Amino acid sequence: MILPPTRRLRVPDIAWVEVPGGAFIYQKGETRELPTFWIGRYPVTNAQYQTFVDDGGYDDAGWWVDLVRPEPAASRWSLPNRPRTDVDWYEAVAFTRWFNARLGLDEGSIRLPTELEWEKAARGEQGSQYPWGDGFESGLANVDEKETKQGDWYLQQTTAVGLYPHGRSSYGVEDLAGTVWEWCLSKYDDLDAVAADTSGAARALRGGSW
């Protein structure tokens, strides 16, 4: 008897960065405090998200409880090492649920960062203006520098993750400015509202795009 080949699922290999707990400056001078947490060093790539798609992520209702399940859309720039675009908040949450299950972790072990967590990872304890510090510096992020006459670069598309290492934050997290907007767990107008629902309420986006 000839057995069919076994399909091997390739679970995404995420590089994690530890952000130590403690106080930090949030927004325009407000002091907040968070426990230690971990965050991905780079945005989720096309290749990483595709493992969720290929594993039937849009067909398994278990990942979509209290979420609105859309039809999957193609990433605008589909190279494997570029950030996954064209996913809404619900898709991002479903991906994290699937990821936890495939790693054998409890639900919520891996999740989107809250807006507070994202900001501390990006701006550090002192609330710097940019991930790399205060003051814009040309060539440190994939943004439109020409419109504001701050530099000569405007690529008009995403770039491979990790392509701007000098623009990393004080904790070593990269691509927090430019290239793509990044989803946070929190609702746009309520930092404490992080539970999934089908209300369609706006969720926080941070980081800016190309």
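Only a predicted model underlies this, so the values are computations on that prediction, with no experimental measurement involved.
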Please step through side-chain contact (heavy atoms from CB on, under 4.5 Å) for the pair E182 and W118, ending with a clear verdict.
-> CA-CA 9 Å; E182 300 182 11; W118 192 98; 2.9 Å; yes
Check against side-chain contact (heavy atoms from CB on, under 4.5 Å), T114 and V194 | CA-CA 7 Å; T114 65; V194 296; 4.2 Å; yes
Pair F136-V143, side-chain contact (heavy atoms from CB on, under 4.5 Å): steps then yes or no | CA-CA 11 Å; F136 183 81; V143 296; 4.0 Å; yes
Where do Y26 and E33 land on the side-chain contact (heavy atoms from CB on, under 4.5 Å) test, with the steps shown first?
-> CA-CA 9 Å; Y26 172 70; E33 189 160 346; over 6 Å; no
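Neither L112 nor V180 shares a network with the other; the hydrophobic side chains, linked directly or stepwise wherever heavy atoms of I, L, V, M, F, W or Y lie under 4.5 Å apart, form separate groups for each. Hydrophobic clustering of Ile, Leu, Val, Met, Phe, Trp and Tyr side chains at less than 4.5 Å, counting indirect connections, keeps L176 apart from V161. In this structure, L105 is a member of the same hydrophobic cluster as W98, with clusters built from ILVMFWY side-chain heavy atoms closer than 4.5 Å. In the hydrophobic cluster analysis, where Ile, Leu, Val, Met, Phe, Trp and Tyr join through side-chain heavy atoms closer than 4.5 angstrom, V11 is grouped together with I14. Hydrophobic clustering places V53 together with Y90 (ILVMFWY residues linked when any side-chain heavy atoms are closer than 4.5 Å, directly or through intermediates).
Among all heavy-atom pairs drawn from R41 and G172, the shortest one is NH1-O, 2.7 Å. When all heavy atoms are compared, the tightest approach of A177 to A141 is O-CB, 3.5 Å. When all heavy atoms of S138 and G151 are compared, the pair lying nearest together is OG-CA, 4.0 Å.
Under the 4.5 Å side-chain criterion, counting only non-hydrogen atoms from C-beta, Y49 is not in contact with P12. Looking at V93 and W183, their side chains never come closer than 4.5 Å, going by heavy atoms from C-beta outward. Residues W132 and E137 meet the side-chain proximity criterion, which asks for heavy atoms closer than 4.5 Å. A 4.5 Å side-chain heavy-atom check between Y154 and D144 finds at least one atom pair inside the cut-off. The closest side-chain heavy-atom distance from V19 to T36 is not below 4.5 Å. Contact of the L34 side chain with the F24 side chain is registered, since non-hydrogen atoms from C-beta on lie closer than 4.5 Å.
Annotation: the span from W38 atom CH2 to E18 atom CD amounts to 4.5 Å, rounded to 0.5 Å. Here the straight-line distance linking atom CG of D175 with atom OG1 of T159 works out to 6.5 Å at 0.5 Å rounding. With values rounded to the nearest 0.5 angstrom, F95 atom CZ is found 15.0 Å from R111 atom CZ. Atom-to-atom distance recorded for I110:CD1 and T96:OG1 is 8.5 Å, nearest 0.5 angstrom. Taking OG1 of T179 as the start and CZ of R82 as the end, the distance is 8.0 Å to the nearest 0.5 Å. How far CG of D106 is from CG of N100: 8.0 Å, rounded to the nearest 0.5 Å.
A donor-acceptor pair shorter than 3.5 Å cannot be found between the side chains of S78 and N46. For S75 and T85, the side-chain atoms include at least one donor-acceptor pair closer than 3.5 Å. For the 3.5 Å distance criterion, the side chains of R84 and Q50 fail to qualify, holding no donor opposite an acceptor. With no hydrogens or angles considered, a side-chain donor-acceptor pair links T148 and Q150 at under 3.5 Å.
In this structure, D134 contributes its side chain and S128 its backbone to no donor-acceptor pair below 3.5 Å. With R32 contributing its side chain and K120 its backbone, the two residues share no donor-acceptor pair below 3.5 Å. Listed for the R123 side chain is a donor-acceptor partner under 3.5 Å among the backbone atoms of G127. A donor-acceptor pair is defined here as one N or O able to donate and one able to accept, closer than 3.5 Å; no such pair exists between the side chain of Q126 and the backbone of I25. Between the side chain of S169 and the backbone N or O of A121, at least one donor-acceptor pair lies under 3.5 Å.
No more than 12 heavy atoms of other residues, nucleotides or ligands sit less than 6.0 Å from atom CD of E147.
Residues R102 and D55 are paired through a salt bridge, judged by an N-O separation under 4.0 Å between the basic side chain and the carboxylate.
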For residues 63-74, tabulate all N or O donor-acceptor pairs below 3.5 Å that involve a side-chain atom, not counting sequence neighbours.
{"unit_1": "W64", "atom_1": "NE1", "unit_2": "G57", "atom_2": "O", "d": "2.8"}
{"unit_1": "R69", "atom_1": "NH1", "unit_2": "Y58", "atom_2": "O", "d": "3.0"}

Side-chain atoms of residues 203-210: list all donor-acceptor pairs with protein atoms under 3.5 Å, sequence neighbours left out, distances to 0.1 Å.
{"unit_1": "R203", "atom_1": "NH1", "unit_2": "L185", "atom_2": "O", "d": "2.9"}
{"unit_1": "R203", "atom_1": "NH2", "unit_2": "A195", "atom_2": "O", "d": "2.8"}
{"unit_1": "R206", "atom_1": "NH1", "unit_2": "E115", "atom_2": "OE2", "d": "3.1"}
{"unit_1": "R206", "atom_1": "NH1", "unit_2": "E119", "atom_2": "OE1", "d": "3.0"}
{"unit_1": "R206", "atom_1": "NH2", "unit_2": "E119", "atom_2": "OE1", "d": "2.9"}

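The six-membered or imidazole ring of F52 lies away from that of F99, with a centre-to-centre distance of 6.0 Å or more.
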